[in-house]
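For the numbers below, each heavy atom of this structure counts, side chains included, while hydrogens, waters and symmetry mates do not. Each chain gets a letter, A, B and so on, in the order its sequence line appears, and its residues count up from 1.
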Amino acid sequence: MSISISVQAGTFDVGVEYAGLREGNVADGATAIFVGSVRDFNLDQSVAQLELEHYPGMTEKVLEDIAGRAQQRWQLGRVRLVHRVGPLLPGDDIVFVGACAPHRQAALDACAYMIDFLKTEAPFWKKEYGRDGVRWVDAREGDREALKKW
Amino acid sequence: MSISISVQAGTFDVGVEYAGLREGNVADGATAIFVGSVRDFNLDQSVAQLELEHYPGMTEKVLEDIAGRAQQRWQLGRVRLVHRVGPLLPGDDIVFVGACAPHRQAALDACAYMIDFLKTEAPFWKKEYGRDGVRWVDAREGDREALKKW
Amino acid sequence: MIRVLFFAGLREQLGCADVSVPAGSGTTLAGLRAQLGERDATWQRALADENVQMALNRQMAKSDSIVRDGDEVAFFPPVTGG
Amino acid sequence: MIRVLFFAGLREQLGCADVSVPAGSGTTLAGLRAQLGERDATWQRALADENVQMALNRQMAKSDSIVRDGDEVAFFPPVTGG
């Protein structure tokens with residue numbers, strides 16, 4: 001039932017994050033993980049670099065709130081959210097969402113729920129430095145749509 | 001669009017498996033992973049050890065078939081399935097399901113789909129060595145139910 | 001000949017991991033299963049269990065599948081992997 | 001005083017990351033937003049964008065939320081993390 005949140009400039013190691021979710025944890029048979037990475041293109045503009053801005057203080061609060069709601073909705077064990085900020089390159093990992101649970105459906109649903117709400121509630125903004133210039137990434141209508149299933 | 005399957009006695013390393021899904025892969029922004037581990041109890045019988053039997057030859061074929069169906073249904077990049085066989089202890093990882101995709105919903109859905117079908121189609125059988133003796137684990141009705149959503 | 005494999009709890013019940021039986025003409029999986037059940041009361045009871053599943057040449061198969069010379073058949077309890 | 005923060009594209013449009021404004025009595029977020037829009041045409045246009053979202057004390061908030069002395073308010077475009 002523990003929640004762990006990190007907002008950090010440095011990268012994260014999926015193996016280390018997984019180990020943190022599992023160590024000494026024999027009650028939870030299921031772990032679901034989602035990792036988001038920088039793609040090399042977004043809506044046809046080739047992306048050379050990304051800059052992730054955030055709202056320090058609010059970011060952590062929103063992530064804890066999302067994780068807390070997931071824990072109220074499903075029977076979960078450990079939950080871990082990591083989000084990077086600052087400059088990122090194509091292929092770099094941006095976000096880690098991990099949830100342990102006694103049963104797989106809870107872990108999988110909670111993982112999908114948390115990334116869906118993170119995408120629309122957590123105060124992060126992506127700026128793309130591409131071949132065709134610099135631009136702020138537009139919010140996707142599909143991200144709002146995705147919330148309807150919860 | 002590649003599928004990689006392993007059925008093995010040794011453990012797997014989630015960090016290494018993740019790296020294999022991601023290396024040189026900048027087209028897929030999303031990776032979903034499910035890992036199943038041995039719980040220390042199952043239906044109230046404390047479990048000291050587990051033995052996983054399988055049907056060599058058929059196992060690999062079924063896993064490839066499940067991964068192939070997922071790739072037909074969703075737009076996926078790399079897919080990786082690892083399943084252990086032989087003796088296992090509480091806390092040990094049993095199964096790794098990983099899927100990359102350009103978009104998160106495809107990766108998350110494919111991951112859930114593959115573990116759901118693996119649970120009902122792949123010829124593995126668990127034998128529990130517990131405080132109260134040895135027994136073959138019964139199939140869960142819920143696992144059949146879970147297929148209805150696909 | 002048809003190679004027949006048994007797995008997990010069913011293998012233990014029968015005390016047998018595999019047998020080879022002559023290929024009859026036009027035998028179905030159901031026919032083969034009935035034929036194996038005639039061995040003795042233990043085989044009869046074990047193979048009569050409606051939960052027992054069947055594979056033909058390493059693919060899940062149904063009772064009316066035709067079994068041919070050289071085929072590999074398997075009987076086993078519902079799977080419990082993952 | 002009320003501290004007001006701006007983020008991402010909105011911050012760049014305004015050329016301003018934060019301002020402090022005196023707390024009026026009974027001001028709502030909508031009222032504060034209208035008041036800030038009176039600064040000049042750029043602020044007017046930027047803050048009139050209906051996509052602009054608001055947070056009050058680091059929680060997403062609606063236009064009718066009451067803003068009090070010492071509060072922290074933020075305006076920003078729809079979020080695009082993850």
Side-chain angles (χ1 to χ4, degrees), chain A residues 7 34-39 42-43 47 50-66 81-86 88 93-97 111-128 134-144 146-147, chain D residues 1-21 23 27-30 32-33 36 42-82:
Chain A
V7 178
F34 176 82
V35 183
S37 313
V38 184
R39 296 168 65 188
N42 188 10
L43 302 174
V47 174
L50 211 65
E51 176 85 25
L52 255 151
E53 180 172 330
H54 75 126
Y55 180 175
M58 177 166 169
T59 319
E60 295 79 356
K61 200 169 168 176
V62 171
L63 295 182
E64 287 194 21
D65 182 56
I66 292 169
L81 299 177
V82 186
H83 203 295
R84 293 180 66 191
V85 293
L88 294 167
D93 292 336
I94 305 175
V95 61
F96 177 96
V97 177
C111 187
Y113 173 95
M114 289 191 287
I115 185 65
D116 275 355
F117 279 94
L118 186 153
K119 283 266 179 186
T120 54
E121 293 185 355
F124 294 101
W125 299 274
K126 286 195 189 95
K127 194 179 194 174
E128 288 181 353
V134 181
R135 67 165 183 200
W136 289 96
V137 173
D138 281 331
R140 289 178 60 231
E141 181 55 35
D143 287 336
R144 287 246 144 244
L147 301 187
Chain D
M1 298 294 279
I2 295 161
R3 188 162 180 234
V4 185
L5 308 175
F6 305 101
F7 290 98
L10 183 61
R11 173 176 46 71
E12 291 185 350
Q13 271 181 277
L14 302 179
C16 174
D18 62 298
V19 293
S20 284
V21 297
T27 310
T28 60
L29 276 181
L32 177 63
R33 187 163 162 173
L36 290 165
T42 300
W43 285 62
Q44 181 78 55
R45 198 172 49 245
L47 290 168
D49 184 345
E50 63 182 10
N51 289 317
V52 166
Q53 302 188 339
M54 295 164 288
L56 177 59
N57 297 324
R58 305 181 174 183
Q59 280 197 304
M60 290 290 192
K62 296 197 171 158
S63 295
D64 59 358
S65 307
I66 303 296
V67 187
R68 294 186 176 80
D69 193 34
D71 280 350
E72 180 177 295
V73 170
F75 295 95
F76 44 76
V79 304
T80 57

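Remark: the Glu51(A) side chain and the Trp125(A) side chain contain no N/O donor-acceptor pair separated by less than 3.5 Å.
With a threshold of 4.5 angstrom between heavy atoms, Gln59(D) approaches chain A through its backbone and through its side chain. No part of Arg84(A) comes within reach of chain D, as not one of its non-hydrogen atoms sits under 4.5 angstrom from that chain. When heavy atoms are compared at a cutoff of 4.5 Å, Lys127(A) approaches chain D solely by way of its side chain, counted from C-beta outward.
When all heavy atoms are compared, the tightest approach of Leu50(A) to Lys126(A) is CD2-CD, 3.7 Å.
Checked for salt-bridge contact, Arg140(A) and Asp143(A) meet the test: a charged N lies under 4.0 Å from a carboxylate O.
Residues of residues 43-54 of chain D placed with any heavy atom under 4.5 Å of a heavy atom in chain A are listed by number as Gln53(D). Chain A is approached within less than 4.5 Å, heavy atom to heavy atom, by Ala74(D), Phe76(D), Pro77(D), Pro78(D), Val79(D), Thr80(D), Gly81(D), Gly82(D) from residues 73-82 of chain D, ordered by number.
Counting heavy atoms from C-beta on, the side chains of Val95(A) and Val82(A) never come closer than 4.5 Å. Looking only at side-chain heavy atoms (C-beta outward), Pro123(A) and Met58(A) come within less than 4.5 Å of each other. Considering only heavy atoms from C-beta on, Thr59(A) stays 4.5 Å or farther from His83(A) through its side chain. No side-chain heavy atom of Phe124(A) sits less than 4.5 Å from a side-chain heavy atom of Ile94(A). Within the 4.5 Å cutoff, the side chain of Glu12(D) has heavy atoms near those of the Trp136(A) side chain.
Asp93(A) places no side-chain N or O within 3.5 Å of a backbone atom of Ser37(A) that could act as its donor or acceptor partner. Between the side chain of Lys61(A) and the backbone N or O of Asn57(D) there is at least one donor-acceptor pair closer than 3.5 Å. No donor-acceptor pair closer than 3.5 Å links the side chain of Asp18(D) to the backbone N or O of Val4(D).
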